[in-house]
Asks: 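First the structure, which I've put down as structure tokens, then a few questions once you've had a look.
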Amino acid sequence: MRTSWSDSVANSASENAAASGSFGPPPTRATYIPPHLRNQPPCSDSLAPPSLGNDRVGYSGPVGGSRWDGGGSRPDHGRSGHGSGGRGGGGWNNRSGGWDRGREREVNPFGDVEPACGEQENTGINFDAYEDIPVETSGHNVPLPVNTFAEIDLGEAVNQNIQRCKYVKPTPVQRNAIPILLAGRDLMACAQTGSGKTAAFCFPIIAGIMREQYVQRSHGGRTVYPLALILSPTRELSSQIHDEAKKFSYQTGVKVVVVYGGAPINQQLRELERGVDILVATPGRLVDLLERARVSLQMIRYLALDEADRMLDMGFEPQIRKIVEQMDMPPCGMRQTMLFSATFPKEIQRLASDFLSNYIFLAVGRVGSSTDLIVQRVEHVQEIDKRSHLLDLLHAQRETEVNSKHSLTLVFVETKKGADSLEHWLYIKGFPSTTIHGDRTQQEREMALRSFKSGKTPILVATDVAARGLDIPHVAHVVNFDLPNDIDDYVHRIGRTGRAGKTGLATAFFNENNMSLARPLADLMQESNQVVPAWLTRCASRVSHGGGKNRRTGGARFGGRDFRREGSFNKGTEYYGGNSGGGYGLPAGFGGGYNPAVASAWDQ
DNA sequence: AAAAAAG
């Protein structure tokens, strides 16, 4: 059933494809071509996840040998003794082994990249600001952070990709996490999205796969045996991670495949059959593939959970436990496990420790100490007035935006129905928008995201499916039309703005229905040096003073703190990175603070 | 109670 305005006009004639930009006066329904349908090649196969192009032929399953080999011959499958001298020389200089044929046809993921990785120059970055970032680590024998990519031995191929991405210097989470992971340690990391955390876990995985020698076991059938598994809670996030990982692994011989629901499984099966070292997946589709015995986890050496706190909350935990504990994945200690999120509630940390072995906890704060990149506003708006209030905001925004051609507004609502209905209403009121939520087809979801990112529909009405991890440049304004019940969800939502060094605005509509959020929201805003309205403080003091589920413990400087350090369960701590005693005042989840118009690894 | 994730 077509519920979206975008869809309702999707079949309009295409001769108006060159219609004017979407920031002009609102179009009329009769002649309007939805922006996302303009200038599109006919028959674009939008069901295919981006960058699935994978063209190495004849590869199946883990390879019996190291990609370090400079040898001229393709490693033999199923040969256990291969590569005894494979690491001889130990250099990264020449790995022109058996992968070359495939490499020549490997799609260049840098060919059509979006501005995030391409158009900008790396000049004028104020890297000194990085030195101020509070970093907290705990655990046994924490490896020291590095300051440059050159200090890390990731190999020539990966180094080239780092250059292609125009990363000049590792971000704080990378500086700390990469040495930890290269040392083979398990890791629980608190760091905001947009802080380069995808690269922080991808680089060590790719380097590890290239370095090590894996023996192909002769298993039957069409089962594939990935060496690394990266799980994320939404399809779009998995797709995004896959796109990043493709860039990082370009011409390394390491193969990345993504699988998720809502897309044709046959295509994904074909990709898997062409070989997979790193599998990026959402839980449901992975379980399906495991049950069909098309994927085995026996060979997994690296397990990464992105948005790990979401992955371990009530809705996902059973599936994650099944994948990690009840299939054929090597147990804790036999694999390297890394958990990343911007928020890590204590209860979730306790759960997560089941999956970890002697792990290091890492929390990385934000850049700078006083400049808040996200201005948070809370307004008291009754349910009945929300729509007209939103309209006022959008009109005011339009007034001040005549010159900025690419400024996006992300509106979060509570329900899928509410998303459709608000989107339709906005259309009536002359604001081109689209919507993303779990009741839309995957094709529609991906189209909506593209249309929003490109600025063709500069308003996106979303449920929490878009709250986490998605890297959408140019989101100037996040509106919490309906506030979430959990303060961590709020942190993730507003984290969609204030990215890439730009300032962001986050507006929340608060009323009696949000009383349970009053206290944590007021605390959070205070900690991030925001103006807390007096009425909100009053609300906060009216509700219970107990430490409920929503209460942030241990201060919110980092959006998390190692739960092992609480109470008597103290395993010893070590500190690096100038955590000189608090006063940072802002939790993680607030965008990086470097100059605009520069690219760096922050632009992951 | 809602959202997400398999079909």
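Predicted model, so just to flag it, every value in this text is computed and none were measured. Residue numbers begin at 1 in each chain, while the letters A, B, ... track the order of the sequences.
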Asks: Which part of the nucleic acid does A:Gly261 contact within heavy-atom distance under 4.0 Å: base, sugar-phosphate only, or nothing?
Replies: sugar-phosphate

Asks: Closest approach to the side chain of A:Asn485, judged atom by atom: which nucleotide of B:dA5, B:dA1, B:dA2 is it?
Replies: B:dA1

Asks: Between A:Lys417 and B:dA2, is there a contact of a side-chain N or O with OP1 or OP2 at under 4.0 Å?
Replies: no

Asks: Rounded to the nearest Å, what distance is computed from the CZ atom of residue A:Phe481 to the P atom of nucleotide B:dA3?
Replies: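 That distance rounds to 15 Å.
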
Asks: For a quick check of understanding: with a heavy-atom distance under 4.0 Å over all strands, which category does A:Arg235 fall into, base, sugar-phosphate or nothing?
Replies: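 Sugar-phosphate, no base atom in range.
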
Asks: Return the OG1 to CD distance between A:Thr497 and A:Gln376, rounded to the nearest 0.5 Å.
Replies: 11.0 Å

Asks: Can you confirm whether more than 12 heavy atoms, excluding those of A:Arg377, are under 6.0 Å from its CZ atom?
Replies: no

Asks: What does A:Arg445 touch in the nucleic acid at a heavy-atom separation under 4.0 angstrom: a base, only the sugar-phosphate, or nothing?
Replies: sugar-phosphate

Asks: How many whole angstroms separate atom CG of A:Asn513 from atom C1' of B:dA2?
Replies: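 So the two atoms are 14 Å apart, to the nearest Å.
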
Asks: Can we say A:Arg335 and A:Asp186 salt-bridge, meaning some charged N sits less than 4.0 Å from an Asp/Glu carboxylate O?
Replies: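 Here A:Arg335 does not pair with A:Asp186 in a salt bridge, since their nearest N and O are not under 4.0 Å apart.
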
Asks: Expressed as a whole number of angstroms, how long is the span from A:His437:NE2 to B:dA3:C1'?
Replies: 11 Å

Asks: Are A:Thr463 and B:dA4 close enough that a side-chain N or O sits under 4.0 Å from OP1 or OP2?
Replies: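 A:Thr463 to B:dA4 OP1/OP2: side-chain N or O found under 4.0 Å.
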
Asks: Provide, to the nearest angstrom, the distance between the NZ atom belonging to A:Lys416 and the P atom belonging to B:dA2.
Replies: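 From A:Lys416 NZ to B:dA2 P: 10 Å.
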
Asks: Under the ring pair (Phe, Tyr, Trp, His ring centres under 6.0 Å) rule, collect the residues that match up with A:His389, sequence neighbours excluded.
Replies: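 Scan of A:His389 (ring pair (Phe, Tyr, Trp, His ring centres under 6.0 Å), adjacent residues dropped) gives A:Phe509.
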
Asks: How long is the line joining NE2 of A:His492 and C1' of B:dA2, in whole Å?
Replies: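 After rounding, the gap between these two atoms is 17 Å.
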
Asks: Atom CG of A:Asp464 to atom C1' of B:dA1: distance rounded to whole Å?
Replies: 13 Å

Asks: Without decimals, in angstroms, what is the distance between A:Asp482 CG and B:dA1 P?
Replies: 17 Å

